[in-house]
Amino acid sequence: MRVHGRTILLTGATGGIGRALALTLAEAGAQLLLVARDAVALEQLGRALPCAGAPHRWLSADLTQEAARDEVVRICAEAPLSMLINNAGTSELNFLQDTLPETIERQFALNLTAPVLLTRLLLPKLLTQQSALVLNVGSAFGSIGYPGFSVYCASKFGLRGFSEALRRELADTGVGVLHIAPRATRTALNSERVVAMNHALGNAMDDPLQVARQVLQCIERDRRGTVVLGWPERLYTVINAVLPAVTDRALRKALPVIRRFARPQP
Ligand SMILES: NC(=O)c1ccc[n+]([C@@H]2O[C@H](COP(=O)([O-])OP(=O)(O)OC[C@H]3O[C@@H](n4cnc5c(N)ncnc54)[C@H](OP(=O)(O)O)[C@@H]3O)[C@@H](O)[C@H]2O)c1
């Protein structure tokens with residue numbers, strides 16, 4: 001699918017991956033509808049992006065709120081929307097017993113419930129297009145359960161399952177479903193503790209622009225299903241699916257390091 005001339009709704013547009021996606025898609029000629037909560041950051045981004053035709057638009061909305069999702073849908077009603085990118089997300093490194101109930105609820109609400117509800121609301125619109133795409137930004141942690149990220153993993157496993165089922169449900173329509181799973185990426189999503197932990201474990205961290213370019217490639221090559229970005233993470237997800245005990249052993253060895261960053265001693 002070529003993005004040139006397409007109207008695309010991008011959530012989490014002001015974040016690390018969101019900004020890189022906005023720039024990459026705008027450079028490729030898409031017209032964007034940008035969504036996040038911070039109105040000032042959205043406006044700055046919207047005005048700075050290259051513009052091929054009609055101007056980009058933006059809307060400040062907390063996607064965990066029903067009224068805000070309805071407002072997004074209302075704005076989309078006037079546009080020939082042919083792509084929804086569910087990218088907004090949140091994460092926290094913490095062992096489960098240290099995680100506050102409200103943090104758990106916030107992660108499920110933003111990472112899983114909001115994309116499902118927003119997709120449901122926008123699907124009738126997308127189905128009016130000859131070809132359209134729902135693109136869900138998941139995570140390699142949506143295929144590999146990782147210590148210190150049990151809640152985030154649960155939300156991203158859920159998003160992967162949702163994407164797979166929806167793709168099959170829409171198989172005889174013009175709406176495709178693509179689930180892209182980046183590995184660790186250098187954005188504000190990751191606290192200093194996460195960055196330090198990745199460094200100590202030798203986990204690679206990608207540049208957000210590199211992620212955005214790969215996403216664009218996947219769209220233009222009409223990729224469907226799940227695409228895990230990065231090597232050897234792609235291999236690890238396969239090993240974890242086929243031989244989970246191998247991953248259990250590897251992560252058991254890494255556990256003392258993970259614990260050091262997830263539960264730092266005062
Ligand atoms: N960074 C990584 O290592 C990594 C790896 C794999 C997958 N991912 C996934 O990639 C996606 C983007 O992550 P990122 O690293 O770019 O995160 P980020 O830099 O923290 O950006 C998060 C974006 O979501 C928006 N947002 C947060 N809460 C929101 C809410 N309630 N309603 C609407 N928008 C909200 C933020 O803007 P406001 O605060 O203004 O609302 C921001 O635009 C996420 O789904 C994440 O799980 C990231």
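Atoms within each ligand, like the ligands themselves, are counted from 1 in listed order. Numbers for residues simply follow the sequence, beginning at 1.
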> Numbering the atoms of ligand 1 from 1, which are under 4.0 Å from a heavy atom of Leu110?
Replying inline: 27 (C), 28 (N), 29 (C), 30 (C), 31 (N), 32 (N)
>> Whether the Ser131 and Arg6 side chains hold a donor-acceptor pair (N or O, under 3.5 Å, no angle test) is what I'd like checked.
In response: yes
> Identify the closest protein heavy atom to atom 17 (O) of ligand 1: which residue and atom is it, and at what distance?
Replying inline: Leu189 CB, 3.6 Å
>> Which of the numbered atoms in ligand 1 are under 4.0 angstrom from any heavy atom belonging to Ala184?
In response: 3 (O)
>> Suppose I only count heavy atoms of Ala88 and a 4.0 Å limit; which atoms of ligand 1 are within that range?
In response: 24 (O), 34 (N), 45 (O)
>> Could you check whether any side-chain heavy atom of Leu9 comes within less than 4.5 Å of a side-chain heavy atom of Met83, counting everything from C-beta outward?
In response: no
> Do the side chains of Trp58 and Val35 get nearer than 4.5 Å, heavy atoms only?
Replying inline: no
> Can you tell me how far the CG atom of Leu209 sits from the CZ atom of Arg186, to the nearest 0.5 Å?
Replying inline: 10.5 Å
> Numbering the atoms of ligand 1 from 1, which are under 4.0 Å from a heavy atom of Thr14?
Replying inline: 37 (O), 40 (O), 42 (C), 43 (O)
> What protein heavy atom is closest to atom 6 (C) of ligand 1, reported as residue, atom name and distance in Å?
Replying inline: Pro182 O, 3.3 Å
> Who's the nearest protein heavy-atom neighbour of atom 23 (C) of ligand 1, and how far?
Replying inline: Gly12 CA, 3.6 Å
> Just heavy atoms, cut-off under 4.0 Å: does Ala13 contact ligand 1 by side chain, backbone, both, or neither?
Replying inline: backbone
>> With a 4.0 Å cut-off on N to O distance, would you call Glu164 and Arg160 a salt bridge?
In response: no
>> Polar contacts were defined as any N/O atom of the residue lying under 3.5 Å from an N/O atom of the ligand; does this apply to Tyr152 and ligand 1?
In response: yes
> Quick one: are Leu170 and Val177 in side-chain contact, heavy atoms under 4.5 Å?
Replying inline: yes
> With a 4.0 Å cut-off on heavy atoms, does Asn87 reach ligand 1?
Replying inline: yes
> Atoms of ligand 1 less than 4.0 Å from Asn190 heavy atoms?
Replying inline: 1 (N), 2 (C), 3 (O)
>> Could you identify the single nearest non-hydrogen protein atom to atom 16 (O) of ligand 1 and state the distance to 0.1 Å?
In response: Ile17 N, 2.8 Å
>> Minimum distance, heavy atoms only, to atom 3 (O) of ligand 1: which one of Asn86, Ile85, Val137, Thr185 is it?
In response: Thr185
>> Which heavy atom of Ala114 sits nearest to which heavy atom of Leu63, and what is that distance?
In response: CB-O, 3.4 Å
> Hey, which atoms in ligand 1 end up nearer than 4.0 Å to a heavy atom of Asp38?
Replying inline: 40 (O)
>> Applying a heavy-atom cut-off of 4.0 Å, say which part of Phe141 lies close to ligand 1: side chain, backbone, both or neither.
In response: neither
>> Using side-chain heavy atoms (C-beta onward) and a distance below 4.5 Å, is Leu25 in contact with Ile85?
In response: yes
> What's the shortest distance from atom 9 (C) of ligand 1 to any protein heavy atom, and which residue and atom give it?
Replying inline: Gly138 O, 3.6 Å
> With atoms numbered from 1 as shown, which atoms in ligand 1 lie under 4.0 angstrom from a non-hydrogen atom of Arg183?
Replying inline: 5 (C), 6 (C)
> What residue and atom, counting heavy atoms only, is the protein's closest point to atom 27 (C) of ligand 1, and at what distance?
Replying inline: Arg37 NH2, 3.5 Å
> Atom CG of Leu45 and atom CG of Leu23: how far apart are they, to the nearest 0.5 Å?
Replying inline: 8.5 Å
>> Among all protein heavy atoms in this structure, tell me which lies nearest to atom 32 (N) of ligand 1, with the distance rounded to 0.1 Å.
In response: Leu63 N, 3.0 Å
> Taking the inter-plane angle between the rings of Tyr146 and Phe141 on a 0 to 90° scale, is it parallel (under 30°), tilted (30 to 60°) or perpendicular (over 60°)?
Replying inline: parallel
>> As an exercise, state the distance from NE2 of His179 to CZ of Arg223, rounded to the nearest 0.5 Å.
In response: 13.5 Å
>> Under 3.5 Å between any N/O of Ala140 and any N/O of ligand 1: does that happen in this structure?
In response: no
> Please walk me through it: do Leu118 and Thr11 pass side-chain contact (heavy atoms from CB on, under 4.5 Å)?
Replying inline: CA-CA 10 Å; Leu118 192 61; Thr11 73; 3.9 Å; yes
>> Before you tell me yes or no, could you show the steps for Leu34 and Arg57 under side-chain contact (heavy atoms from CB on, under 4.5 Å), namely the whole-Å CA-CA distance, both residues' side-chain angles and the distance that decides it to 0.1 Å?
In response: CA-CA 6 Å; Leu34 310 162; Arg57 293 187 299 158; over 6 Å; no
>> Below 4.0 Å, non-hydrogen atoms only: which portion of Leu42 touches ligand 1? Side chain, backbone, both or neither.
In response: neither
> Is Asn111 close to Leu159 at the side-chain level, that is, under 4.5 Å between some pair of heavy atoms?
Replying inline: no
> Should the proximity of Lys156 to ligand 1, defined as any heavy atom under 4.0 Å, be assigned to the side chain, the backbone, both, or neither?
Replying inline: side chain
> Heavy-atom contacts under 4.0 Å between Asn111 and ligand 1: side chain, backbone, both, or neither?
Replying inline: neither
>> Only heavy atoms of Asp62, strictly under 4.0 Å: list the atoms of ligand 1 that pass.
In response: 30 (C), 31 (N), 32 (N)
> Tell me, which protein residue and heavy-atom name are nearest atom 1 (N) of ligand 1, and how many Å apart are they?
Replying inline: Thr187 OG1, 3.0 Å
> Any N or O on Val35 sitting closer than 3.5 Å to an N or O of ligand 1?
Replying inline: no
> Which bit of Ala61 gets closer than 4.0 Å to ligand 1, counting heavy atoms only: side chain, backbone, both or neither?
Replying inline: backbone
> So with a 6.0 Å cut-off around CZ of Arg224, is the heavy-atom count from everything else above 12?
Replying inline: yes
>> I want to check something: taking the side chain as every heavy atom from C-beta on, are Leu84 and Thr119 in contact at a cut-off of under 4.5 Å?
In response: yes
